[in-house]
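Ligands are counted one by one from 1 in listed order, and the atoms in each one are counted from 1 as well.
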Amino acid sequence: MRRLRSLTIKIALVVLVVSLSGVAMVALFSGWITMRQFDRLLLEQLEMEFIDRVTVHYTQVGSWERVRSAVDQGNTRFPPPLNGAARGRPPLGPEGRRSTGTGLFALLDQQGCVVVPAGPYRGGECLTSIRRVRSTPVELDGEVIGTVLTTGALPTLGPQEEAFLQRINQGFLWAGLGAGLLALILGSVLARTVTRPLHRLTTAIHAMAAGNLEQRVEVHSQDEMGELADAFNRMSAELSRANRLRRQMTADIAHDLRNPLLVMSGYLEALRDGVLRPTPERFEMMYAEAQHLQHLVADLRTLSMADAGELSLQRQSVAPADLLERVANRYAHAAEQKQIRLTAEAEAGLPPVVIDPERMLQVLGNLVGNALRHTPSGGTIEISATHNTSGVVLAVQDSGSGIAPEALPHIFERFYRVDTSRSGETGESGLGLAIARSIVTAHQGTINVESQLGHGSRFSIHLPVIGQV
Ligand code: ADP
């Protein structure tokens, strides 16, 4: 929880810092540019006012005589500036400290000699054209009567200009505050969007750690978080399914061991107490139960070895026809007794398969045994071997009861029996097909079933043809 909260703070802080630094940078640059432009504008205006004043003087006097004192006396001697007023900006009074532009501009007469000194330009000094770089001509009736030089000094700001710049700075400050606030809100929203699913996942993981494996996290986003939640949900579903199967299997094993043990201990108790007489039939019955237990334990061992990848296979090259013949011979008698026609047919020219023949016989035997159990008298069971592009196909097809579609996806599961009521009497454990699949998988093969209820089933084993041993 603490970590999640700190992540929220981190994200919000990062967003805040990024946006504030953005605003600060914009404020800094815009402030600088505004100041520069403002100064330039001011300078231009003052220069225009200066030119207006000296032009008026020249018009009145007819020469540049006494122009310096006229400029120094400021606007008390001069009429209001022509251009300044025309541009809509009221001229500033003496309190504005910029009314005459004194000290900012020098004036040269037609000969280039300084008549109004300022900055580096001294009175009476005559300048060459090279030193008059930043100059503006003063014209009267189309004739150049003098030149204004800018000294490079910046105008002093008056209270109005100061107030204007202050307002701009205030604007930036408000913009910064607004952006900061917005960043805080957006940062918190973003942080919550990121951390909320994380929080849900953490809660679900804690619940799983506490043993509650069935967990689902609802995250609807399509991003990485959604992917993570999806992966988690799949993992949780798979874990809880595996756990359910494990529990179910333990219960099934206990149940399957219990029945034969109960029968045997019942008989033994009765024999010990002299309630029953020891007859060969009774011993035969107990022996059958012990055999059943032995098979069950052997099956479980095979499955656990297959699970651990330790199922040892004594592989050798075998002709599929030989394999079919051995299975058919083994079950011929049982089929005959049930009046079922059992046939085995292998396609001509089949390549040999490299398999553990005993294990594969166990698989085929299991399939034929199941077929015999589920096929009524007069039915048929066909064992066949064919081949296609991916390898050899061994199939057991019967004309028996078939398997209901809803049971089909489960029949390879451990302890799955379609008709649970019959399991006790017939000795079906529900492990046969699970073992068959484990053995086929260990051979890098696959096993499938197709079935139609009431018409029969076909189990097919696909074995890859690999190099001879
Ligand atoms: P079991 O040892 O109980 O037969 P299996 O794993 O071999 O267990 O089979 C699982 C279930 O599939 C059985 O309960 C059985 O009803 C059904 N089944 C298997 N083979 C056939 C078949 N050829 N025809 C109809 N049902 C079948």
* Sequence neighbours left out, what passes side chain to side chain donor-acceptor pair (under 3.5 Å) with Arg330? Give chain and number order. => none

* Is the closest heavy-atom distance from Gly402 to ligand 1 below 4.0 Å? -> yes

* Structure fact -> Here the atoms of ligand 1 under 4.0 Å from any heavy atom belonging to Phe459 are 20 (N), 23 (N)

* Short N-O contact, Arg341 and Glu336, less than 4.0 angstrom -> no

* Asked: So which bit of Ile403 gets within less than 4.0 Å of ligand 1, heavy atoms only: side chain, backbone, both or neither?
  -> side chain

* Under a 4.0 Å N-O cut-off, is there an ion pair linking Asp256 with Arg417? -> yes

* Structure fact -> Ranking Asp398, Leu372, Leu453 by closest non-hydrogen atom to atom 23 (N) of ligand 1, top hit is Asp398

* Output yes when the distance from some N or O of ligand 1 to some N or O of Arg373 is under 3.5 Å, and no in every other case. => yes

* To do: Could you tell me whether Glu218 atom CD has more than 12 heavy atoms of other residues or ligands within 6.0 Å of it?
  => yes

* State, yes or no, whether a side-chain contact exists between Thr375 and Ser399 at a heavy-atom distance under 4.5 Å. => yes

* Intermediate values then yes/no, side chain to side chain donor-acceptor pair (under 3.5 Å), Gln248 and Asp252 -> CA-CA 6 Å; Gln248 180 66 41; Asp252 286 336; 3.3 Å; yes

* Taking distance alone, with no angle check, do Gly430 and ligand 1 share an N/O pair under 3.5 Å? -> yes

* Structure fact -> Note: ligand 1 atoms sitting under 4.0 Å from heavy atoms of Asn366 are 7 (O)

* Has ligand 1 got any nitrogen or oxygen that is less than 3.5 angstrom from a nitrogen or oxygen of Ser401? -> no

* For ligand 1, indicate whether the residue Phe412 contacts it via side chain, backbone, both or neither (heavy-atom separation under 4.0 Å). => neither

* Going through the distances and angles, do Thr136 and Glu47 end up as a side chain to side chain donor-acceptor pair (under 3.5 Å)? -> CA-CA 9 Å; Thr136 313; Glu47 191 187 39; 2.8 Å; yes

* Proximity to ligand 1 by part of Arg417, non-hydrogen separation under 4.0 Å -> both

* Asked: Is there any N or O on Leu433 that sits under 3.5 Å from an N or O of ligand 1?
  -> yes

Which atom pairs, one a donor and one an acceptor, fall under 3.5 Å between side chains of residues 278-287 and the rest of the protein, sequence neighbours left out?
unit_1 : atom_1 : unit_2 : atom_2 : d
Thr279 : OG1    : Glu281 : OE1    : 3.4
Thr279 : OG1    : Arg282 : N      : 3.2
Arg282 : NH1    : Arg277 : O      : 2.7
Tyr287 : OH     : Gln291 : NE2    : 3.2

